Amino acid sequence: MAKLELLQGTLDLLVLRVLNAGPMHGFGIAQKIHLLSADALRVEEGSLYPALYRMERKGWIEAEWGVSENNRRAKFYALTKVGRKQLAAEQATWERLTAAVGQVLAKADEA
Amino acid sequence: MNVFTKLRQALRAVFRRNQLDAEMAEEMRFHREAQIEANLAAGMTRREALRAANLQFGPADAIAEEGREARGFAWLIHLRQDLRYGIKMLLKQKGFTFVAVMTLGLGLSANITIFSLVDVFFFQPLKVTAPERLVVMNRQNPSNQFASMFSWADYAAYRDQVPGLEDAMAVLLRPVHLAWPGQMPHRNWIENVSPNYLEALGARALLGRTFLPGEGEKPGADPYIVLNHRYWADQLGSDPGVVGRTVAINGHPMEVIGVTVPEFNGGQWGLGAAGWVPVTMMPTLFGWDESMFTNHEWSGFRVLAHLASGYDEARVEAEISVVDQRLRELHPSGDLDQTTTGVVREQLSRPDPNVSSFMPLAAVVFMALVLMILLIACANVSNLLSARAASRQRELGIRAAVGASRGRLTRQLLTESVLLALIAGAVGWFLSDLAGRLLSDMSPSGDMPVATEAVQGTWWILAFAVVVSLFAGVVTGLLPALRATRVDVQEILKSGGAAGGGKRRHWLRNGLVISQVAFCAIVLVAGGLFLRSLRQAAAMPLGFDPDNLAIASIDLDLQGYERERGRTFLRQLQDDLAAIPGVQAVALSNVLPMSNSPGLRDVSDANSPLIAETGQREGMLNAASNIVDEHFFDTLRINLLRGRGIQETDTVDSPAVVVVNDTLARRLWPEQDAIGQRLTSFDFTAEVVGVVATGKYVMISEEDRPAYYRPYQQAYNQPVTLYLRTAGDPAAALAEMRRVLQRLDPELPVYNTSTMEEHLRSTAFGYLPLRMAAYLAGAQGLVGLVLAVMGVYAVVAFSVSQRTREIGIRLALGADRSDVFRLVVRGGLILIGTGLGLGLMVALGLSHVLAGLLAGLNPLDVPVFGGVTLLLLMVSFLACYLPARRAMAIDPAITLKSD
């Protein structure tokens with residue numbers, strides 16, 4: 001199966017979107033992205049955790065220790081109010097970007 | 001996010017780092033384990049699941065490092081780590097640390113000391129109201145080097161007609177005799193000031209009061225003095241009951257109305273008067289006519305003012321020139337034609353507007369020299385650090401291997417060198433404090449009340465010290481750090497940490513030595529040139545023989561002697577002084593050479609035509625004047641070239657005569673005999689009867705200056721200086737001279753009591769400035785030399801230790817030990833020679849600049865350049881000699897076996 005490289009900056013968007021559904025631990029976030037992308041995207045741990053800490057520092061997400069599905073201690077991340085706004089903004093940007101790129105791809109021959 | 005959240009995060013990041021790290025580790029462990037479980041669930045064997053998880057996860061340490069950085073405030077954490085680690089390293093290598101700290105400390109202390117001096121001279125504002133707007137009026141006459149002072153009438157015109165000048169003040173510093181009831185009179189100086197002076201400068205009274213509005217307006221009406229805190233503390237023992245007491249100034253009772261606060265010291269930098277009296281008391285105190293306030297020729301006032309808001313120098317000067325034009329029309333005989341009037345910011349007018357243009361250049365030269373010293377020190381320590389970094393390759397390699405980035409390693413090394421430099425800065429601060437105290441002792445002596453600000457550590461200098469230390473730390477550490485961290489991890493780990501060499505590193509080290517030697521040569525040459533200039537100034541003919549001369553000055557006018565009594569007193573005094581055993585001759589004059597009363601006058605040929613508009617004569621010349629007795633030329637051994645000297649028969653009743661110097665004679669009467677010509681100034685006309693050799697009159701470094709002498713009997717004037725030519729040590733005659741004066745008038749204050757040689761050495765107009773420059777530059781040169789020698793030694797020694805194996809092989813192959821010696825020394829000498837060549841070239845440029853500053857200096861001074869070359873070669877040879885000896889002693893058997 002072909003692996004896709006994540007575009008610069010899209011990791012933040014994906015993480016925020018996944019957390020929008022409810023608090024989740026780091027492994028869960030990675031799994032969910034993997035599943036939702038139908039195995040096309042794999043988040044490297046080496047990028048995931050630094051990204052999480054960075055977003056925590058910016059106040060987009062907050063972390064709390066809780067208990068996982070299999071009864072283990074795990075750190076759960078949740079969106080904050082700022083994070084929700086950030087998600088909306090990044091999602092809008094992303095949609096505009098993809099729409100624009102799509103348009104160029106579709107109509108490049110017509111002009 | 002607000003500031004507090006940020007701050008809390010920062011504190012948490014730094015101080016709860018361990019907890020956060022532990023949490024991070026736990027989080028990742030959970031992740032790994034969850035991954036394993038997922039893999040097992042997907043049907044992998046346990047072994048496969050573990051392997052896959054490990055592969056996926058990647059190097060945990062690197063992630064942790066990145067995670068930490070993403071957490072924010074990584075630099076703070078790193079700084080803490082780096083500092084801790086740095087301190088550990090510095091403590092571990094105490095010898096290295098000591099040498100490095102002392103080397104940098106020397107360089108830094110030189111910088112801090114010079115900067116403190118520059119600060120005192122240029123940056124410390126006077127402690128007065130709005131010092132940044134305070135300006136000094138300056139009237140420059142292009143025909144002589146001295147700015148002329150202002151008449152009260154001119155001052156009043158500027159005060160009333162120049163809106164750009166706010167609180168225009170006038171002040172005139174004068175010597176006086178102060179007599180407290182029941183005490184002997186003593187000589188001191190007071191400032192005679194316009195009524196607004198103290199108020200405008202913001203002087204507050206510690207005791208009593210300052211002048212009230214309306215005081216100081218009417219001549220003779222306000223016999224009040226406000227005492228300077230310094231005088232009150234030093235001379236009156238801080239007597240709390242001084243207000244209301246009466247002091248006799250020149251015999252006139254004056255009431256003490258107040259004492260100023262200690263911070264206040266008047267409006268002229270570097271001078272400290274005993275107190276302030278209203279200018280309207282001057283006719284009373286000095287027996288002058290009240291016309292001094294209306295006569296535009298009666299000048300002597302220094303004028304200060306604040307620039308009005310919205311004004312700069314140019315705008316005020318435009319207004320001033322309008323007033324000058326008006327003054328010129330009203331009073332055509334004034335000296336305004338010859339001069340231009342301007343304003344100078346007070347801080348730029350120090351120590352005196354006459355020499356202030358030269359001061360910044362001198363400051364820049366000195367700052368440049370000390371910066372070079374600092375660079376030498378940095379180069380040395382840089383070298384040491386490079387050598388040490390080479391031995392730390394393995395440590396750095398390992399840290400790089402576990403994920404430390406190059407920037408991170410560079411930062412670690414830089415932290416260490418900056419730490420080193422800051423410790424050195426503290427040492428330098430301490431050393432410069434010592435040096436500052438030594439320098440403060442070297443203040444000029446003389447009759448003027450000098451109040452140099454102590455060279456002391458202010459926050460401003462402290463800030464400079466910190467900045468320059470940080471600078472030194474970065475300069476020192478940057479190159480070695482960049483070099484050391486350019487590591488090939490694989491290579492280092494494989495080779496087991498042997499020091500990496502390479503041509504590049506060699507070049508760096510060699511370059512450092514070359515520049516060090518070059519810098520040192522420059523600094524030494526500069527020091528040598530100052531010393532030479534001092535020697536040359538000392539060898540310059542003074543026009544008189546200063547050896548075996550004792551001097552003392554008195555002012556009979558201030559003690560209330562009228563003319564006839566004064567003459568009698570002086571005659572008696574000279575007879576009694578001549579009777580002192582060992583005294584060969586006694587003379588007196590009005591002006592003491594190289595003192596602060598230059599006695600400059602405009603003179604011209606009495607026959608030269610008058611210029612109608614100005615009332616002045618054509619071909620006017622500014623000349624040093626003196627009034628001397630008939631023994632003066634003999635006693636001072638001034639050469640009479642033609643005609644005769646002053647004689648006893650030149651009395652009030654005989655024709656007025658004058659003796660001129662060679663320069664004046666040649667300028668006024670070129671290609672004519674000066675004898676028989678008539679010389680005139682505004683208050684006398686006299687026939688030239690003799691020509692004497694030109695000497696030095698006002699400043700030791702002056703160009704040939706016209707001068708003339710009038711007979712004491714025809715031009716009685718005070719003060720007088722007495723000269724005693726002695727057979728032996730003139731110092732011995734001083735005590736006798738005091739005793740004689742004491743016997744003739746126990747109440748008469750005596751000043752300038754010293755030998756002529758001491759007077760010339762310590763007066764600001766004599767050798768003192770040159771001496772200070774020579775000392776400073778000499779000290780700088782010595783420090784530079786020590787540093788350069790250390791650098792050369794370190795490099796040669798290092799290269800010998802690096803080449804031990806090569807030398808061993810050479811010896812094993814049959815090389816002579818003297819060949820090895822020559823090899824090592826030659827290597828060192830090539831570096832030194834290159835550095836020396838470069839340094840001497842720059843020094844040559846510098847000496848051209850200095851030649852413009854220092855009198856009688858030859859830009860290509862062969863003894864100085866030759867001496868510095870020889871000295872550096874000799875010392876460098878010594879620095880090469882020891883390592884070379886060690887190289888000779890290498891045992892080929894041992895070195896070859898050791899591999």
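FYI, side chains are in, hydrogens and waters are out, and symmetry mates aren't considered; it's all heavy atoms of this structure. Chain identifiers are assigned alphabetically (A, B, ...) following the order of the sequence lines, protein sequences preceding nucleic acid strands; residue numbering begins at 1 within each chain. A quick note: this is a predicted structure, and the numbers were derived from the prediction, not measured.
Sorted by first and then second residue, the salt bridge (Lys or Arg N to Asp or Glu O under 4.0 Å) pairs involving residues 10-21 of chain A (not counting sequence neighbours) are A:Asp12-A:Arg54.
Options B:Arg32, B:Arg29, B:Glu26 differ in how many heavy-atom pairs under 4.5 Å they form with chain A, and the most are formed by B:Glu26.
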Report, one line per pair, each donor and acceptor closer than 3.5 Å where one atom sits in a side chain of residues 96-103 of chain A; sequence neighbours left out.
from	atom 1	to	atom 2	distance (Å)
A:Thr98	OG1	A:Trp94	O	3.0
A:Thr98	OG1	A:Glu95	O	3.0

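Every residue meeting the side chain to side chain contact (heavy atoms under 4.5 Å, CB included) condition with A:Arg72, not counting sequence neighbours, appears here in chain and number order: A:Ser68, A:Asn70, B:Phe30, B:Glu33, B:Glu37.
For the residue pair A:His25/A:Glu69, the side-chain donor-acceptor check at 3.5 Å is satisfied.
Within a 6.0 Å radius of CH2 in B:Trp460, other residues, nucleotides and ligands contribute 12 heavy atoms or fewer.
In this structure a side-chain-to-backbone donor-acceptor pair under 3.5 Å is missing from B:Ser417 to B:Val474.
Below 4.5 Å, heavy atoms of chain B meet heavy atoms from A:Lys75, A:Tyr77, all part of residues 75-89 of chain A.
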